[in-house]
Amino acid sequence: MDDNKKTVFLVDDDIVNLTAGNNVLSAVYNVFTVNSGKLLFKMLEKRVPDLILLDVEMPEMNGYETIEILKKDESSADIPVIFLTAKNDGDNELKGLTLGAIDYIVKPFIPSLLLKRIEVHLLVESQKKELALQRNELLNFNNNLQKMVEEKTETVVELQNAVMNTFAELIECRDDVTGGHIGRTQRYMNVLISATKTHPLYCDEIGKWVITLILQSAQLHDVGKIAIKDVILQKAGKLTELEYETIKEHVAFGEIVIDRIMSNTKEQEFLKQAKIMVSTHHERWDGLGYPNKLKGKDIPLQGRMMAIVDVYDALVSDRPYKKAFSHDEAVRMIAESSGKQFDPDLVDVFLSTHNVFEEISKPV
């Protein structure tokens, strides 16, 4: 047997046809002759050919029955089959092609025509295999590329988180009376978003969010405090009216900080979310908040959520000018501000999940 030649199985119950076929094909191919369908399957246990020439009219198991078994077996389903038959009619040809044959050659065949048709079909099968191999290689390349992109993205996100966490901690170092505030509000925000995303009024909007970006941006809601003087930021006692107005300026300072970062980077979506948090977390549902006195749903949903979690943490935390309220007192005060300071639907969501807030608020 020549390893450089393709292998053809010739299946026919007529010894004359087997001999004639072998004489024509053996100069070009490795030819194995078989006189029944049953013997074909025994041969297939030892070797897989590149093509099968299969006679239709055979006793015990005819060609149609044979090809049905071939195509049902995963190990032989892809072997191309050409039917050989003495019947020259359309119905039989259609039946053979329907069962999975690639061609239908009428006997007695013309040797040169038989060789050419086999050559063409083997070329097609070779090209199909090559295309399948290339497709698999491309798929593997794309999968590997996707994995590399995901790993790189994960690294960038981790770096971004590390930078944001460090930046947030620097802000808290200046405002040390609220230590842990930024981390807790981020965790509260996660709870509130999770509880709100099934709310019929807000599920569509939240469904469009990249929640990881929202939670990242929540860390920067008080970034403007970096511009407030320590004497005011850390004052032990009630602020004067002028000092309170100065504190309120941290929103405008925060917007400036975010705008400056945005001017130096192409990564905009995260910063857009951060700017929403910065600029709207002190707005009120009744329009009496600052800096823009936005009212109701004119306030972005992110800002309305941050308003609740920000106030909750302020209420349950010690401040120089007050002792921490209990969790129950804080819940009552937020409930009483429903429809005034806070979105009433979001307050309802908060009330349904406030016990999780309590767990987060407890000292570690």
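Note that the coordinates shown come from a computational prediction; the quantities given were computed from them, not determined experimentally. FYI, side chains are in, hydrogens and waters are out, and symmetry mates aren't considered; it's all heavy atoms of this structure.
Ring geometry for F357 versus Y188: interplanar angle under 30°, hence parallel rather than tilted (30 to 60°). Between H221 and H281, the ring-plane angle classifies as perpendicular under the 30° and 60° cut-offs.
For A218 against M306, the heavy-atom pair with the smallest separation is CB-CE, 3.5 Å. Here the closest non-hydrogen pair linking H199 and V349 is CD2-CG2, 3.8 Å. Nearest heavy-atom pair across L97 and D103 is CD2-N, 4.0 Å. Taking every heavy atom of both residues into account, G303 and I276 meet most closely at N-CG2, 4.4 Å. Closest heavy-atom contact between S361 and V316: CB-CG2, 4.1 Å. The minimum heavy-atom distance between I258 and A274, with the atom names listed, is CD1-CB, 4.0 Å.
In this structure, L215 is a member of the same hydrophobic cluster as Y202, with clusters built from ILVMFWY side-chain heavy atoms closer than 4.5 Å. A single hydrophobic cluster is not seen to contain both M58 and F109; linkage of ILVMFWY side chains at heavy-atom distances under 4.5 Å, directly or through other members, places them apart.
No donor-acceptor pair under 3.5 Å is formed between the side chain of E359 and the backbone N or O of V356. Proximity of a side-chain donor or acceptor of D313 to a complementary backbone N or O of V309 within less than 3.5 Å is not detected. Looking at Q302, its side chain never comes within 3.5 Å of a backbone N or O of M277 through a donor-acceptor pair. Checked by atom type and distance alone, the side chain of T240 pairs as donor or acceptor with a backbone atom of E243 at under 3.5 Å.
The closest side-chain donor-acceptor pair between T280 and E283, if any, does not fall under 3.5 angstrom. In this structure, a donor-acceptor pair under 3.5 Å is present between the side chains of S75 and D73. Between the side chains of D310 and H181, at least one donor-acceptor pair of N or O atoms lies under 3.5 Å.
With respect to the salt-bridge test (charged N to carboxylate O, under 4.0 angstrom), the residues E45 and K42 do not qualify. Under 4.0 Å is where a charged nitrogen must lie from a carboxylate oxygen, and between E336 and R332 at least one such pair does. The existence of a salt bridge linking K128 and E125 is confirmed by a sub-4.0 Å separation between a basic side-chain nitrogen and an acidic carboxylate oxygen. K129 and D78 are not joined by a salt bridge, as no carboxylate oxygen comes within less than 4.0 angstrom of a charged side-chain nitrogen.
Few gaps surround NZ on K5; more than 12 heavy atoms of other groups in view lie less than 6.0 Å from it.
For the atom pair I256 CD1 and K275 NZ, the distance stands at 10.0 Å (nearest 0.5 Å).
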Practice item. Would you check, one step at a time, whether the test salt bridge (Lys or Arg N to Asp or Glu O under 4.0 Å) holds for E245 with K248? Key: CA-CA 5 Å; E245 290 301 317; K248 288 164 65 173; 3.3 Å; yes
Exercise for review: Let me see the working for K362 and E358 under salt bridge (Lys or Arg N to Asp or Glu O under 4.0 Å), right down to the final yes or no.
Suggested key: CA-CA 7 Å; K362 292 177 181 179; E358 183 178 19; 5.1 Å; no
